[in-house]
Amino acid sequence: MKFDTPAGRNPIDQQKVIGKPTDRIDGPLKVTGTAPYAFERNDVAPNHAYGVIVGAGVAKGRIKRIDAADALRAPGVLSVVTYENAGKLGKAKAHTATMLAGPEVEHYDQAVAIVVAETFEQARDAAKRVRVDYARTKGKYELKAVKDGAPIAKGDKMKTARGDFAGAFASAPVKLDATYTTPDQSHMMMEPHATIAAWNGDELTLWTSNQMIAWAVRDMSETLLIPKEKIRVVSPYVGGGFGGKLWVRSDAVMAALAAKAAGRPVKVALARPQLMNNTTHRPATIQRIRIGADKAGKITAIAHQTWSGDLPGGGPETAANQTQLLYAGDNRLTETHLAVLDLPEANAMRAPGEAPGMMALEVAMDEMAEKLGMDPVRFRIVNDTLVDPEKPERKFSDRNLVRCLEEGAQKFGWDRRNPKPGQVRDGDWLVGLGMAAAFRNNMNMKSGARVGVDRKGMVTVATDMTDIGTGSYTIIAQTAAEMLGVPLDKVVVLLGDSRFPVSAGSGGQWGGNSSTAGVYAACVDLRRRIAQKLGFNSDDVTFADGKVSSGNRAVDLAKAAGDEGISGEDSMEYGTLEKDYAQATFGAHFVEAAVNVYTGEIRVRRMSGVYDAGRILNPKSARSQVIGGMTMGIGAALMEDAVVDPRFGYFVNHDLAEYHVPVHLDVPHQEVVFLDTLDDKTSPMKAKGVGELGLCGAAAAVANAVYNACGVRIRDYPLTLDKVLEGLPVA
Amino acid sequence: MTDTNGFSLTRRGALVSGVAAASTTALPLDAQPLPAEARAATVPVSFTVNGKKRALDLDPRVTLLDALREHLHLTGSKKGCDHGQCGACTVMVEGKRINSCLTLAVMHDGDEITTIEGLGKPGDLHPMQAAFVKHDGYQCGYCTPGQIMAAVAMLQEVKDGVPSYVSTDLTAAGRIDAQEVRERMSGNICRCAAYSNIVAAIADVAGAEDVA
Amino acid sequence: MKPFTYERATSPAAAAAAVAAKPGAKFVAGGTNLLDLMKLQIEAPTHLVDVNRLGLDTIEATPDGGLRVGALVRNTALAADSRVRRDYGVLSRALLSGASGQLRNKATTAGNLLQRTRCPYFYDTNQACNKRKPGSGCAALGGYSRALAVIGTSKDCIATHPSDMAVAMRALDATVETVDGGGRTRTIPIADFHRLPGSTPWIETALTPGEMITAVTLPAPVRGTHIYRKVRDRASYAFATISVAAILPESGTPRFAFGGLAHKPWRVAAAEARLDGGAKAIAAAALAGATPTSQNAYKIPLVERTLAAVLAEGRAA
């Protein structure tokens with residue numbers, strides 16, 4: 001099915017099941033610990049051995065010698081696989097660094113070996129007995145040291161311009177020129193990457209934890225140099241991903257190699273301290289933002305230049321992208337630069353581009369509003385645009401940023417904010433309010449599904465879509481229930497298996513809208529087949545209350561399915577609506593933060609927002625997505641910092657004790673309001689992504705609240721207390 | 001309810017043609033015997049898990065968490081960090097919550113251990129489990145068993161008069177409010193960040209009204 | 001984790017004898033720090049002596065009005081003890097500020113004193129660390145040192161001691177009781193228990209090989225305001241950037257001990273005599289001779305500021 005014209009009225013609009021705050025259908029399994037994650041599939045591979053990965057001890061260099069003799073002699077050890085005995089391997093196009101080092105080492109903790117043993121304890125000990133000698137070579141590890149001279153990144157929209165930025169900026173009566181930095185960040189999903197690999201002849205099955213099943217099959221095929229048809233990937237439960245499981249990592253590749261070598265299924269999980277340097281991370285950025293405005297606050301010039309680094313052949317953090325679309329202004333410039341760094345592979349983490357980009361842009365907007373003597377909400381409203389400001393003939397499909405800002409301000413009590421910083425004190429705490437816009441692009445991806453009805457009227461949906469905590473199981477069930485006129489408890493959803501039709505997968509906040517649109521397409525196909533089978537005119541058939549009706553005829557769905565059952569299958573593909581219209585999601589974050597007058601400690605006291613992401617398919621799980629993003633924004637603002645040791649080229653604080661993510665006490669009660677609009681240009685679901693929106697701008701709202709609280713403007717994230725203290729007056 | 005969540009095996013048996021049988025649920029199996037060479041220098045240990053006596057012969061290096069997950073196939077307790085930095089492995093030993101990753105199984109001879117599997121089952125949920133479903137107190141689900149075990153034990157700690165760092169008066173009897181819940185639950189990290197909902201779920205069970 | 005043998009001790013003296021008899025043997029109590037390090041092979045004992053069931057888990061009143069805390073009393077039990085809450089608030093609060101509910105249920109009094117540093121270079125076996133591998137050097141020097149020591153450091157080590165409990169005990173002038181492999185007992189004042197790194201940073205305490213902590217004794221309570229102020233970016237479940245344990249008696253000399261500054265809980269008698277000079281004078285005396293790095297120099301003003309907060313809280317109490 002192709003979606004190439006705006007959606008008309010369709011069965012989803014009934015909203016009998018869709019749009020309801022339904023409890024997650026996978027909830028009972030998750031709260032009882034019976035939802036099986038990859039490493040727990042003891043049922044599929046009862047005779048498995050355990051693999052433990054040995055990571056490189058240097059960031060860049062060459063392996064001179066690997067001595068596995070001690071490891072091989074250790075009790076229970078079955079095999080040790082290194083580049084010397086792994087056989088010929090390819091490098092997947094999606095991977096910047098290889099999953100197995102040798103002889104070159106491309107980054108710290110890159111896998112250099114896997115040790116397989118009967119038990120986990122034996123494998124872990126034996127892994128320490130593998131001795132690797134390296135010839136270390138000099139690498140580049142600090143972004144600020146390589147920034148100058150870093151070229152514009154390759155790709156679309158890496159340099160955009162309209163009008164005469166330089167001239168307009170020079171002549172603007174009010175202007176800001178500020179540079180912001182964001183640090184490297186780590187996904188730190190709760191379930192470390194894990195895989196069980198089993199070979200049956202030349203066929204490989206991976207029970208793994210992965211967001212994108214079809215990509216996983218493709219990348220394993222390109223790495224192991226075996227046909228895609230010989231690979232099955234199963235990932236029905238994923239303990240968080242945030243982009244860190246978009247592509248197969250060393251756990252999957254090394255498990256496959258280990259299983260081949262050991263002649264048995266092998267289980268592998270990355271140890272938590274390996275995650276940060278072995279897998280991917282969000283790269284640090286340096287961002288220069290210049291904004292010029294007239295005295296009324298109309299932006300006349302805006303430029304956003306950003307720099308990040310990656311291994312040779314890698315990609316940039318597209319932190320300037322939202323600035324191409326978010327605010328009006330006739331004279332504009334964006335540039336995305338990419339330097340070469342020898343750190344571990346930089347790649348997507350939740351809302352790549354916008355997450356760090358909004359951390360800078362939305363603080364710049366706050367600074368500019370202050371220069372103008374304008375309220376920051378008002379400044380954003382004045383510069384709203386309903387068209388792509390780089391291409392004014394291109395409209396937004398639907399844009400309600402102003403409503404988000406106005407309703408959010410009203411609900412939060414923004415009018416109580418004192419625009420002068422450092423004025424409100426509550427005991428030992430200086431209290432401030434801050435806000436930021438939320439903005440994240442909406443993307444649609446081709447997505448397929450198969451839907452069947454059996455003779456009992458049970459509906460089964462199968463798609464390789466994943467649920468990484470996003471609520472896919474539930475919204476897919478809701479979609480099928482709505483389309484086929486059955487209650488939710490008549491729907492079974494099967495996800496995360498490469499034997500099912502290829503879906504959009506989970507990434508870039510495209511999963512919710514795209515995967516349900518794919519289910520919609522499959523349901524349309526099934527409805528047509530059922531109508532045809534019943535001899536109904538498919539144009540006037542309705543599916544409701546477990547019945548298929550046409551005119552005065554009505555047949556039970558179960559009966560229509562018959563003893564054989566009936567199924568349909570299709571994909572939703574997209575035409576040019578995404579090009580014709582700018583599609584994005586919007587919101588407004590509001591934060592109350594407190595800064596301790598003595599210690600500079602920062603605590604978030606209140607956090608709320610109003611968000612627009614088209615139709616909200618399930619307000620309960622969508623809200624959870626947004627508060628999850630908001631909380632990651634607290635982390636980004638106040639603590640998350642993968643610290644590079646520039647001497648040795650690795651992230652030093654590589655575990656959860658030292659890389660801090662927010663804990664319960666960091667997070668206040670959060671209020672989320674959805675506008676719940678309909679965007680007919682995105683898909684028949686009229687929905688947009690919501691999984692990343694809550695993060696975009698949240699950290700800036702915290703930073704702006706901190707400034708309002710204490711008057712210290714920090715442009716280098718995270719806002720740790722030492723940076724606050726530098727500007728904090730003596731209590 | 002198992003019947004309504006659509007994941008039971010019986011439902012799968014009723015799949016229409018073309019929809020392949022998918023993953024099966026991981027059912028606890030009996031401990032797998034290991035080959036002789038891997039069993040050197042083991043230590044016998046027996047304890048009660050969820051009311052059932054279990055006897056194992058273990059490499060002393062096996063943590064309580066790995067004994068549960070890898071030997072008893074009680075995989076509800078999760079391994080998030082294996083270093084006491086996340087709380088996903090929380091179980092109760094003799095009624096008290098601990099990180100099962102930082103204790104050796106052989107140190108628990110004779111102990112009574114409760115895991116998430118002992119709290120409730122789909123269709124027969126413990127009130128805390130039901131509250132997590134109702135308040136959407138999870139997303140990916142990986143930290144969830146640990147959060148729930150910690151929450152149940154934490155409410156008992158409050159009843160037992162254990163103060164917290166945010167208690168204004170150390171000598172006052174245990175009182176539960178949102179800040180107390182947050183501080184006492186801070187050893188359970190949720191990267192999906194369902195925190196706001198988890199606090200609501202706990203407040204629901206605790207009957208606390210000013211938890212917001 | 002390297003293979004080891006395991007035994008459950010039958011008495012404190014037997015446990016000490018067992019550890020003394022076997023090179024590479026260690027006691028295991030709560031295990032929350034030891035197992036963490038064993039998994040990374042930072043600790044690699046060949047034999048573990050389990051001291052959990054030796055009856056060392058009681059808190060008893062002493063004849064002079066203090067408390068004798070058994071070595072195996074769990075952190076939660078100590079923090080929640082009604083006498084500790086009433087008379088040793090600084091200790092209760094310090095304990096409650098540390099780690100998490102789960103860890104405090106397992107971690108013991110003795111184990112808490114024996115915690116090893118959280119220096120990230122100590123924790124990464126690819127890096128040089130004189131504590132982990134004597135003579136290998138100190139990667140923290142010139143490295144990521146934001147959380148590390150500012151005073152009492154050496155050219156071989158700038159690690160901090162991570163305990164909160166020990167800081168409160170330092171302010172309380174606690175005494176550590178031990179038994180060694182020969183059954184001999186002795187007491188060590190807490191001031192002498194932890195060592196500065198000097199040229200032997202791997203020697204962290206006054207304990208001799210095989211010597212086992214049996215109890216920690218708290219002297220009779222010091223009446224007044226007890227405060228434990230832990231400063232950190234993450235609101236909970238984080239080690240201190242710095243902390244202050246303060247006892248402010250209604251009259252007489254106050255006591256201040258500091259965490260997060262040094263290789264041991266930091267207390268300077270001269271600083272306590274400077275109360276009249278306020279936070280500035282106390283901090284200056286406490287930090288005399290400090291040698292911070294560019295990354296942790298913020299701790300110097302932070303100590304003064306936190307002291308100011310503590311003094312203000314004391315005045316308000």
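In what follows, chains are A, B, ... by sequence order, proteins preceding strands, each numbered from 1. The model shown is predicted, which means the values in this text are computed figures rather than measured ones.
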Between C:Q41 and A:D125, is the side-chain hydrogen bond (donor to acceptor under 3.5 Å, both in side chains) condition met? List the steps. CA-CA 8 Å; C:Q41 294 201 3; A:D125 177 36; 2.8 Å; yes
Run the numbers on C:Y121 and A:D645 for side-chain contact (heavy atoms from CB on, under 4.5 Å), then give the verdict. CA-CA 11 Å; C:Y121 299 97; A:D645 186 318; 2.6 Å; yes
Start with the C-alpha gap between A:Y108 and C:D124, add the side-chain angles, then the distance that decides, and say whether side-chain hydrogen bond (donor to acceptor under 3.5 Å, both in side chains) holds. CA-CA 12 Å; A:Y108 197 79; C:D124 189 325; 2.9 Å; yes
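Inspection of the A:Y650 and C:N126 side chains reveals no N or O donor paired with an N or O acceptor under 3.5 Å.
Interatomic distance, C:Y123 OH to A:N653 CG, rounded to the nearest 0.5 Å: 14.0 Å. With values rounded to the nearest 0.5 angstrom, C:E304 atom CD is found 11.0 Å from A:L725 atom CG.
Using a 4.5 Å cut-off between heavy atoms, A:P273 touches chain C through its side chain atoms alone. Contact of A:A56 with chain C is made through the backbone alone, with heavy-atom distances under 4.5 Å. If you measure heavy-atom distances from C:L40 to chain A, the contacts under 4.5 Å come from both the backbone and the side chain. Heavy atoms of A:I634 lying under 4.5 Å from chain C are absent altogether. Using a 4.5 Å cut-off between heavy atoms, A:H654 touches chain C through its side chain atoms alone. For a residue to count as touching a neighbouring chain, one of its non-hydrogen atoms must lie under 4.5 Å from one of that chain's; by this rule A:V652 touches chain C with backbone and side chain alike. For a residue to count as touching a neighbouring chain, one of its non-hydrogen atoms must lie under 4.5 Å from one of that chain's; by this rule C:K39 touches chain A with backbone and side chain alike. Within the 4.5 angstrom heavy-atom criterion, only side-chain atoms of C:Q127, from C-beta onward, approach chain A. Of the two parts of C:R118, the backbone and the side chain both hold a non-hydrogen atom closer than 4.5 Å to a non-hydrogen atom of chain A.
Among the candidates A:L665, A:T720, A:D666, the single residue satisfying the side chain to side chain contact (heavy atoms under 4.5 Å, CB included) test with C:R234 is A:D666. The residue from A:N596, A:T599, A:L728, A:V597 that alone fulfils the side chain to side chain contact (heavy atoms under 4.5 Å, CB included) condition with C:R305 is A:L728. In summary, of the residues considered (C:R232, C:R229, C:K230), a salt bridge (charged side-chain N to carboxylate O under 4.0 Å, His left out) with A:E601 occurs for C:R229 alone.
The residue among C:E313, C:K2, C:K299, C:R146 with the most heavy atom pairs within less than 4.5 Å of chain A is C:R146. Note on A:H660, A:E121, A:R129: by heavy-atom pairs under 4.5 Å with chain C, the leading option is A:H660. When the candidates C:P301, C:A316, C:A139 are compared by the number of heavy-atom contacts under 4.5 Å with chain A, C:A139 comes out ahead. Among C:A238, C:G142, C:A44, C:A312, the residue making the largest number of heavy-atom pairs under 4.5 Å with chain A is C:G142. Looking only at heavy-atom pairs under 4.5 Å with chain C, the residue among A:K128, A:M639, A:E658, A:H664 that has the most is A:K128.
Closest of all the heavy-atom pairs between C:D233 and A:L638 is CB-O, 4.4 Å.
Atom NZ of A:K723 has more than 12 heavy atoms from other residues, nucleotides or ligands within 6.0 Å.
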